[in-house]
Number of protein chains: 2
Amino acid sequence: MIDPSADRAVFRQLADLLRDQIMSGELGPGEPLPSELRLAQEYGISRTTVRQAIAQLRTEGLVTVERPRGTFVRIPEEVKLITLARGERAGARMPTDAERRAHRLGEGVPVLVVTAPDGSTTVHPADRVQLTRP
Amino acid sequence: MIDPSADRAVFRQLADLLRDQIMSGELGPGEPLPSELRLAQEYGISRTTVRQAIAQLRTEGLVTVERPRGTFVRIPEEVKLITLARGERAGARMPTDAERRAHRLGEGVPVLVVTAPDGSTTVHPADRVQLTRP
DNA sequence: GTCCATTTGTCCGTATGTATC
DNA sequence: GGATACATACGGACAAATGGA
């Protein structure tokens, strides 16, 4: 399972394990992960290390934490389509903390930034918006 | 500066301070942040808390860490323009581990995913690619 | 070349707070 | 009220890599 003497850090090994379970569907959308204490006991590691692993999955946008209910596999959002107007450009980046709160963004969710010809920009949550061409 | 009795967590307050210095240009691209130990002593907090703050900035893509040289303000990449063809759609998400290595992506850098009408997708690093319309 | 100081990475244990059930 | 679960913060310890004396 987890090898403390391995090259890869313990918290990364645990993140790999959980990520595999999510990607394979063994842990489906909306399903809870075991609690931090449970994981710590199960793998014989500290809760601190478990939290490092879960933090990794949060930054990857794979799980959401509802405190103090638990940690759950992220459920995909409904996607709205936005047309990219002529002369506009679009990029993506991670939101700042303020933007995250303003748009009620989950962790590990980027934003799409659309720049108009006049330089003004609009920001869209990347988990709910996709860009199209008319 | 930092108020331990404030509503906002100490590590978020420190992240806010550093982010402001980066956004304002007081800390320019390529410049080093003070070492973790230095920041801990300067603000009278533990190194653990400092690391939480820096982890926050890493997930936002604002800084890169070169161990053990230090932590530096990220230097913007040259941006290449990609045209969004008719019928294509584009979104953004955080990369998988494999994509991170394949594109040599830094932390906190999303990917742009372009989906063709036939369902095939191409992935671009969001720090080096922007989308346009012809 | 070696030795040493610096810096980040990892891991542990503990404690307290806060929100939910 | 009590139990559970995540959030925050502290402390300590050792490893690994870099760079300079």
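A note on names: the letters A, B, ... follow the listed sequences, proteins ahead of strands, and every chain is numbered from 1.
Note on A/Arg12: a side-chain N or O is less than 4.0 Å away from OP1 or OP2 of C/dT10.
A side-chain contact (heavy atoms from CB on, under 4.5 Å) with A/Pro125 is found for exactly one of A/Leu105, A/Leu112, A/Val111, namely A/Leu105.
In this structure C/dG1 sits in no base pair that meets the Watson-Crick or G-U test at under 3.5 Å.
One can place CZ of A/Phe72 at 13 Å from P of C/dT20, the figure rounded to the nearest angstrom. Distance, A/Leu37 CG to D/dA3 P: 15 Å, rounded to whole Å. The distance from atom OH of B/Tyr43 to atom P of D/dA9 is 15 Å, rounded to the nearest whole Å. Per the geometry, CZ belonging to A/Arg8 stands 16 Å off C1' belonging to C/dC11, to the nearest Å. Separating the CD atom of A/Glu36 from the C1' atom of D/dC6 is a distance of 5 Å, rounded to the nearest angstrom. For the pair A/Asp7 CG and C/dC11 P, the interatomic distance rounds to 12 Å; values are reported in whole Å. The distance from atom CZ of B/Arg67 to atom C1' of D/dA17 is 6 Å, rounded to the nearest whole Å.
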Apply the test salt bridge (Lys or Arg N to Asp or Glu O under 4.0 Å) to residues A/Arg12 and A/Asp16: give CA-CA distance (whole Å), side-chain angles for both, the deciding distance (0.1 Å), then the verdict. CA-CA 6 Å; A/Arg12 294 189 194 281; A/Asp16 291 344; over 6 Å; no
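The line from CD of A/Glu36 to CZ of A/Arg47 is 4.5 Å long, rounded to the nearest 0.5 Å.
Looking at heavy atoms from C-beta onward, A/His124 lies in side-chain contact with A/Val114 at the 4.5 angstrom threshold. The shortest distance between side-chain heavy atoms of B/Leu81 and A/Arg89 falls below 4.5 Å.
At a non-hydrogen distance threshold of 4.0 Å, A/Thr48, A/Thr49 from residues 47-60 of chain A come into contact with DNA chain C.
The neighbour count for B/Arg8 CZ, taken as heavy atoms of other residues, nucleotides or ligands under 6.0 Å away, is above 12.
Looking at the side chain of A/Phe11, the nearest of the listed nucleotides C/dC11, C/dT20, D/dA9 is C/dC11.
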